[in-house]
Structure formats: structure tokens, C-alpha cells
**Student:** 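One structure follows; several queries about it will come next.
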Amino acid sequence: MKGLLSQNTQSESASSQHRASLEKKPADVSKMFDDVAQHYDITNTVLTGGLVHVWRRVTRDAVGAQPGLSVLDVACGTGASAAGYAADGADVIGCDFSPGMIERGLELHPGLDLRVGDATALPFDDETFDVVTISYGLRNVVDTEAALRDMLRVTKRGGKIVIAEFSRPKNALFRATYFEFMRIGMPLLSRLFSSDAPAYEYLRESIEAWHSQEELARLMSQMGWRQVEYKNLTNGIVALHRAVRE
């Protein structure tokens with residue numbers, strides 16, 4: 001955490017804060033994540049009350065990484081999930097649109113194969129990976145359909161996709177309480193624990209505007225994925241979607 005800043009430094013910090021809009025212009029999204037990379041993991045832990053680690057464990061089980069399996073972790077951020085798949089013995093590549101995230105990931109996980117890459121135009125050959133996975137990143141891509149198609153392209157026939165993404169709680173009362181926290185509690189916490197609080201305003205807006213569980217499942221099917229299924233985590237705060245390439 002940053003200590004006390006001089007008035008001039010505070011002004012410079014405030015002017016450097018950057019957030020994307022729901023237009024999700026790639027340059028804006030990349031810059032926003034560059035800005036939050038240093039404190040990204042601790043902020044996520046705080047804002048989710050530690051649940052991000054529970055969700056990551058469920059996603060890791062769904063990926064089923066093991067020796068001999070090739071895994072691509074799209075929008076890998078600082079490499080926390082990719083490191084888990086590597087620890088399970090898989091051959092893992094992580095890619096992210098934000099150079100700052102990749103730089104921070106390489107600091108935290110030396111030796112992990114992390115690369116800058118665009119989810120809508122992945123820098124890999126057709127049918128390269130047994131599993132393609134993306135956690136909390138699909139929502140930030142400017143063209144969801146293009147990303148789903150390109151992840152299908154680089155997946156081997158018989159391979160699978162695993163998507164962990166914020167979604168919509170199914171219970172109406174819980175959903176209302178959750179979104180009220182997002183509007184009031186998240187800005188307060190992000191100011192305390194993040195170096196770039198405006199980015200977390202975008203986080204809230206993007207979650208509220210995102211597809212429902214059923215809508216995302218239909219979109220995956222339309223883009224060519226088969227045997228699409230999902231399950232809710234923490235009453236639907238997060239949904240885990242899975243499908244295969246036939």
C-alpha cells in the first residue's frame with residue numbers, strides 16, 4: 001500500500017487514474033489494467049471477501065490440468081490461475097491484453113510462460129490446446145463473439161473451454177442486496193485498497209451489464225461450442241460455463 005503522498009504527488013496520481021467505459025475500447029481496457037496490476041491480486045481478495053480463491057479452486061478442478069495436457073489461460077492477469085494449472089503438471093501458456101499485467105505476473109511467477117495477446121486474435125495456431133480457459137476476462141473483451149470463436153479455433157477437437165465470469169444471482173432479494181453492495185460498498189473498499197479506484201467503477205458497471213448465465217450459454221452455442229453447461233457459484237455471483245469443441 002502506498003504511504004502518505006505529497007500534494008503534488010497526489011495530484012499526479014489522480015490525473016494518472018484511468019478507467020474504461022462499457023464501449024470497451026481495447027486501448028482503454030489495456031491501460032486500465034496496466035494501472036491496477038501492482039495491487040490487483042490483493043484488491044480482488046479484499047473486494048470478494050476471499051471468495052476469489054474458492055472460485056479459482058472450482059475453476060481449477062473444472063480445467064482438470066494434469067501432465068501431458070496443454071492449457072491456454074486467456075486474460076490471465078498476473079498469472080495466479082495459470083500458476084495453479086502449471087503446478088498440476090500441465091503445459092500452460094497464459095496471455096493477456098495488458099502488458100502491465102504480464103509484467104507483474106512474470107515478477108510473481110518467474111518461469112511461467114506469460115505473453116501479451118488479444119483474445120479476439122490469439123497468436124496461436126489452429127487446434128493447439130486441449131483446454132482453453134478464461135476467468136473474469138471475457139466480460140472485458142470488446143467483441144465477445146470474436147473471442148469465443150477464436151478460442152474455439154485454437155482448441156483441439158474434443159478439447160474444452162472453461163469460463164469463470166461474474167454473473168447474475170438467481171434469488172431476487174440476494175441479487176438486489178449484492179448489486180447494492182456493488183454500488184455502495186465496492187467504491188469505498190476500492191478507494192482503500194486499490195491504486196486506481198475508478199477502474200473498479202467500471203468493474204461494477206460491466207458486471208451489471210453482462211450476460212445472464214443462460215444468455216452466455218446460448219452465445220457459446222451460436223459460436224460453435226457444443227455440450228454447453230454451467231453451474232452457479234455463491235448463488236450466481238459467479239457462473240462457471242463449460243463446453244467442448246466437437
Side-chain angles (χ1 to χ4, degrees), residues 24 26-27 29-34 36-38 40-41 44 52-53 55-165 220 223-225 238 240-246:
K24 303 176 185 178
V29 173
S30 178
K31 178 63 167 62
M32 181 183 69
F33 281 103
D34 285 348
V36 302
Q38 192 67 29
Y40 182 74
D41 292 319
N44 283 350
V52 65
H53 300 290
W55 302 332
R56 188 177 295 144
R57 179 71 257 180
V58 176
T59 305
R60 186 170 169 178
D61 290 343
V63 168
Q66 57 183 307
L69 205 70
S70 56
V71 177
L72 173 63
D73 186 14
V74 182
C76 65
T78 61
S81 293
Y85 308 141
D88 291 335
D91 297 320
V92 181
I93 296 175
C95 70
D96 197 284
F97 197 54
S98 162
M101 284 288 192
I102 294 298
E103 182 179 358
R104 178 60 173 158
L106 291 172
E107 291 174 0
L108 294 171
H109 309 287
L112 201 59
D113 190 347
L114 303 179
R115 312 177 187 182
V116 176
D118 184 343
T120 66
L122 293 165
F124 305 105
D125 293 335
D126 296 354
E127 300 185 38
T128 298
F129 300 97
D130 297 301
V131 183
V132 175
T133 182
I134 181 169
S135 294
Y136 318 109
L138 188 59
R139 187 188 74 259
N140 302 315
V141 177
V142 65
D143 189 337
T144 306
E145 294 182 2
L148 288 170
R149 286 195 300 265
D150 213 48
M151 287 189 283
L152 181 74
R153 177 186 65 80
V154 302
T155 303
K156 296 177 183 178
R157 296 189 181 277
K160 65 182 179 180
I161 188 172
V162 178
I163 301 172
E165 187 54 88
M220 293 172 67
M223 295 305 105
W225 292 98
V238 166
L240 191 72
H241 284 70
R242 290 171 288 185
V244 300
R245 178 181 181 182
E246 294 182 343

**Student:** Going by atom types only, do S98 and D34 share a side-chain donor-acceptor pair under 3.5 Å?
**Tutor:**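 D34 and S98 do have a side-chain donor-acceptor pair below 3.5 Å.
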**Student:** Between the side chain of T128 and the main-chain N/O of V154, is any donor-acceptor distance below 3.5 Å?
**Tutor:**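 Side chain of T128 to backbone of V154, a donor-acceptor pair under 3.5 Å: no, none is there.
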**Student:** Is there a donor-acceptor contact under 3.5 Å from the side chain of T155 to the main chain of M151?
**Tutor:**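 Judged by distance alone, yes, a pair lies under 3.5 Å.
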**Student:** How long is the span from the CG atom in L122 to the SG atom in C95, to the nearest 0.5 Å?
**Tutor:**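 L122 atom CG to C95 atom SG measures 5.5 Å (nearest 0.5 Å).
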**Student:** Give a yes or no answer on whether the side chain of D130 reaches the backbone of L69 with a donor-acceptor pair at less than 3.5 Å.
**Tutor:**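 It does not hold such a pair.
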**Student:** How close do V141 and A119 get, counting heavy atoms only, and between which atoms?
**Tutor:**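 So the minimum-distance heavy-atom pair works out to CG2-CB, 4.0 Å.
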**Student:** Just by distance, do the side chain of R245 and the backbone of E127 share a donor-acceptor pair under 3.5 Å?
**Tutor:**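 Pair absent, no side-chain N/O of R245 close to backbone of E127.
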**Student:** Between W55 and Y136, how do the two ring planes meet: parallel, tilted or perpendicular, split at 30° and 60°?
**Tutor:**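 Tilted.
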**Student:** Check whether any side-chain N or O of D96 sits under 3.5 Å from a backbone N or O of G77 as a donor-acceptor pair, and report yes or no.
**Tutor:**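 Yes: the side chain of D96 pairs with the backbone of G77.
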**Student:** Please tell me whether T78 and D41 have a donor and an acceptor in their side chains that are separated by less than 3.5 angstrom.
**Tutor:**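 Distance-only check passes for T78 and D41.
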**Student:** Any luck finding a side-chain donor-acceptor pair between S70 and D91 under 3.5 Å?
**Tutor:**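 No donor-acceptor contact under 3.5 Å links the two side chains.
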**Student:** When rounded to the nearest 0.5 angstrom, what distance separates OG1 in T59 from CG in L240?
**Tutor:**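 The OG1 atom of T59 sits 5.0 Å away from the CG atom of L240.
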**Student:** Is there a donor-acceptor pair under 3.5 Å between the side chain of R157 and the backbone N or O of E246?
**Tutor:**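 Yes, because the side chain of R157 sits within donor-acceptor range (under 3.5 Å) of the backbone of E246.
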**Student:** Rounded to the nearest 0.5 Å, what separates atom CD1 in I161 from atom CH2 in W225?
**Tutor:**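 Between I161 CD1 and W225 CH2, I get 4.0 Å after rounding to 0.5 Å.
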**Student:** What's the separation between atom CG in L152 and atom CE in M223, rounded to the nearest 0.5 Å?
**Tutor:**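 Answer for the CG-CE pair, L152 versus M223, is 10.0 Å.
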**Student:** Within the distance-only criterion (no hydrogens, no angle test), does the side chain of R60 pair as donor or acceptor with the backbone N or O of A65 below 3.5 angstrom?
**Tutor:**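 Not at all, since once roles are kept as given, no pair shorter than 3.5 Å links the two residues.
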**Student:** Can you list the steps and then say if D150 with F124 is a side chain to side chain contact (heavy atoms under 4.5 Å, CB included)?
**Tutor:** CA-CA 10 Å; D150 213 48; F124 305 105; over 6 Å; no
